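Following: one structure in structure tokens, then a few remarks.
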Protein chains: 2
Amino acid sequence: MAKETIAGLAKRLGISKASVSYALNGQPGVSEVTRRRVLDLAEELEWYPSSSARALSRSRSGAVGMVLSADPDLIGTEPYYMGLLAGIETALAEGDMALMLRMVGTDPAQERATYERWAGERKVDGVLMFDHLHEDPRPALLDRLGLPFVLHGAPERHGPAPFSGTTTDHAVDSATIVNHLHLRGHRRIAHVSGPHRFLHEEQRIACVRRRAAAHGMAVVTREGNYALAAGHDAVVSLLGEPVEDAVTAVILGNDLMSMGALLALRELGLRCPEDVAIVSWDDSLHCQLASPSVTALSRNPVMQGRVAAELLLSLLDSGTLQTRAMPASDLVARSSTGS
Amino acid sequence: MAKETIAGLAKRLGISKASVSYALNGQPGVSEVTRRRVLDLAEELEWYPSSSARALSRSRSGAVGMVLSADPDLIGTEPYYMGLLAGIETALAEGDMALMLRMVGTDPAQERATYERWAGERKVDGVLMFDHLHEDPRPALLDRLGLPFVLHGAPERHGPAPFSGTTTDHAVDSATIVNHLHLRGHRRIAHVSGPHRFLHEEQRIACVRRRAAAHGMAVVTREGNYALAAGHDAVVSLLGEPVEDAVTAVILGNDLMSMGALLALRELGLRCPEDVAIVSWDDSLHCQLASPSVTALSRNPVMQGRVAAELLLSLLDSGTLQTRAMPASDLVARSSTGS
DNA sequence: CTGAAAGCGCTTACAG
DNA sequence: CTGAAAGCGCTTACAG
């Protein structure tokens, strides 16, 4: 059997293609009885309108794009992204939008090339982006390309061109962590952040410093890259030599670095939490299963993904630019801080 | 500026739309010099042909679909899928195909509904599927829908209708694990599998039994569901009461159940590996980081995803149905079996 | 409320 | 090698 088309349905029903189209799309211009007949026949035939024909005549692809840039062999170690993806997809499905996924390496040029191509081909109606960078070229690029986007993890202060995005209150999250450590008696702490090129890492660093200063605590900062080895090496460099005023607690920018920190402490013969406490800025099963289990800030990736996708959907169908603040994260206190 | 079209390029160059199209698609019918002029202009204008127009006239969407069915909150705990996705995407990108991703809940009807819709809308040219089930209805459904597909993890013996897929030699993998345990002196082992509805779990069970029998080893089987708690509970039920002929080693169907098993041993006051050894049928960071670290069978999800995607690409452009055997997995020996 | 027609932007026989 | 034209399957003013 050849594929059924809208013309076929129209002929079977003895009406025009336009009527079928109006009926399918819930447009006025058909009687209720005609609409029902169309819908019933479509269902009976298991017929759906061709997405490409629809995309062409509507000038809308019905899909949203997302590019994940990461080392393919390491992507599996980032459960945060998988959760985000799940939240995004669920929300998009409800809005009847498809998700187009592209994975590229860590070269930022590949991500930009993907956007140029998608815009040129009109392959997607909009884009979801993550991890705002210092002087991020992407918002301007997407504006130039005319591709609507939502930035998950946008800066709280906007530049000249406003855009849609989600924001996180780093001051609150930082306070949650620092207060927790202060309460447990720590006065000298270290903060091993992710790469400085990410705006949110810069903000976290500043907020941790500010909060620690308010408590009269000293804080040492190190830059990591989210890999296990970075957490390990930072701890070795911080605590490898016995010194007078060694830090008694270390905050790490994600769960993997926290695992690395734990390994380093073990190697150095330091006990956790008795000698050194550990806090992870990202919760995961790793934090739960480690021994000692690791106190962690619990973001909610599924919910965050959902919100980001909803912002994009509303941007696409009403053109409203808006930013939405993520709720403060909860600290899950575990053994690594003596809880 | 309005969006450039193929007609616009043709006019600018003073040639026909057909020539532009031939030039872009590497078809014969244009002189080399004309082709170059077209390509240069397209590049200069950052112009790409509209994907929906192309899809409509070619009757090909240029996309491949994949539905992941899992609990959204648990999906992040399955690094295997993320790796698979990375491998698939890399291969598809090289074949100039887009990936359409849909996440649905655990209700199998949702997955099938997605296929029906995709086929009806002609949204994707083909589909990638995982985890062959007992009496799996999906291959027949996709055949009826006329949607080409590749089944990752296909049964080694095919039914009446042949199809494209990847196969795993469970006998070899099972032997790797069982031999490893036999060599370390174990004579009574347990095998906590994933759900029996998955064909590969049934096959693993049979292969482990067969291999163990060949060595004169006794094997007890339990059905799990891949969750941490299932591994925990299985071990409690196997080793909770001290018995004469208790098992001395447990094979678990994935990394999460292995973590659960480790927790249970700790609770029961049993030492690993001295009292009970553990082997995981799936490697991951969890196995590496656990204490003791867990001996695991290392599949290579990125490579497997790549192979599956390549099978689909070749099915789509030459119609060749083929199955490809995955290489045998390696056993990574770690502390949990005394290595 | 309904129908005939143009248009979305490509590809692809077909005639020159 | 090139050009005019039909066709892919929808949507959407427009006239009745």
Side-chain angles (χ1 to χ4, degrees), chain A residues 1-39 41-42 45 47-63 96 117-125 317, chain B residues 1-39 41-42 45 47-63 96 117-125 317:
Chain A
M1 60 181 183
K3 177 72 167 70
E4 202 55 73
T5 69
I6 202 172
L9 295 218
K11 184 183 285 183
R12 280 173 191 254
L13 294 169
I15 60 180
S16 73
K17 283 165 35 183
S19 302
V20 177
S21 175
Y22 292 142
L24 290 170
N25 295 305
Q27 306 271 12
V30 254
S31 62
E32 259 324 300
V33 31
T34 307
R35 185 187 306 277
R36 263 270 54 92
R37 288 179 61 214
V38 171
L39 262 24
L41 182 60
L45 299 176
W47 178 86
Y48 296 87
S50 149
S51 62
S52 50
R54 185 170 256 188
L56 182 59
S57 55
R58 285 187 179 168
S59 305
R60 268 182 147 244
S61 70
D96 210 25
R117 178 128 186 230
W118 276 349
E121 294 182 329
R122 320 235 126 163
K123 189 111 186 166
V124 299
D125 299 327
D317 65 46
Chain B
M1 60 179 187
K3 177 71 167 68
E4 202 55 75
T5 70
I6 202 171
L9 295 217
K11 184 182 286 182
R12 280 173 191 254
L13 294 169
I15 61 181
S16 73
K17 284 167 31 181
S19 301
V20 177
S21 176
Y22 292 143
L24 290 169
N25 295 306
Q27 306 270 12
V30 254
S31 62
E32 258 325 299
V33 31
T34 306
R35 186 187 304 275
R36 264 267 55 91
R37 290 179 60 215
V38 172
L39 263 24
L41 181 60
L45 299 176
W47 177 86
Y48 296 86
S50 148
S51 63
S52 49
R54 187 171 254 187
L56 182 59
S57 56
R58 285 185 177 169
S59 305
R60 266 180 150 248
S61 70
D96 209 25
R117 177 127 187 231
W118 276 348
E121 293 182 330
R122 320 233 126 165
K123 190 112 187 165
V124 299
D125 298 327
D317 65 47

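A, B, ... follow the sequence lines: proteins, then strands. Residue 1 opens every chain. Just so it is clear, the structure is predicted and the values come from calculations on it, not from any experiment.
The distance from atom CZ of Arg54(A) to atom C1' of dC8(D) is 16 Å, rounded to the nearest whole Å. Atom NZ in Lys11(B) sits about 13 Å away from atom P in dG9(C), given to the nearest Å. Remark: P of dC1(D) and CG of Leu13(B) are 17 Å apart, rounded to the nearest angstrom.
Judged by closest nucleotide on DNA chain C, Ile15(A) is the one of Ile15(A) and Ile6(B) placed further toward the 5' end.
Distances shorter than 4.0 Å separate some side-chain N or O of Gln27(A) from OP1 or OP2 on dT12(D). Not one side-chain nitrogen or oxygen of Ser52(B) sits closer than 4.0 Å to the OP1 or OP2 atom of dG9(C). For Ser21(B), a side-chain nitrogen or oxygen approaches OP1 or OP2 of dT11(C) to under 4.0 Å. An OP1 or OP2 oxygen of dT11(C) is reached within less than 4.0 angstrom by no side-chain nitrogen or oxygen of Ser57(B). For Trp47(A), no side-chain nitrogen or oxygen approaches OP1 or OP2 of dG9(D) to under 4.0 Å. Checking the phosphate oxygens (OP1, OP2) of dG3(C), a side-chain nitrogen or oxygen of Ser16(A) falls inside 4.0 Å.
Judged by Watson-Crick or G-U wobble contacts below 3.5 Å, the nucleotide dA13(C) has no partner.
A donor-acceptor contact shorter than 3.5 Å is absent between the side chain of Ser19(A) and the backbone of Val30(A).
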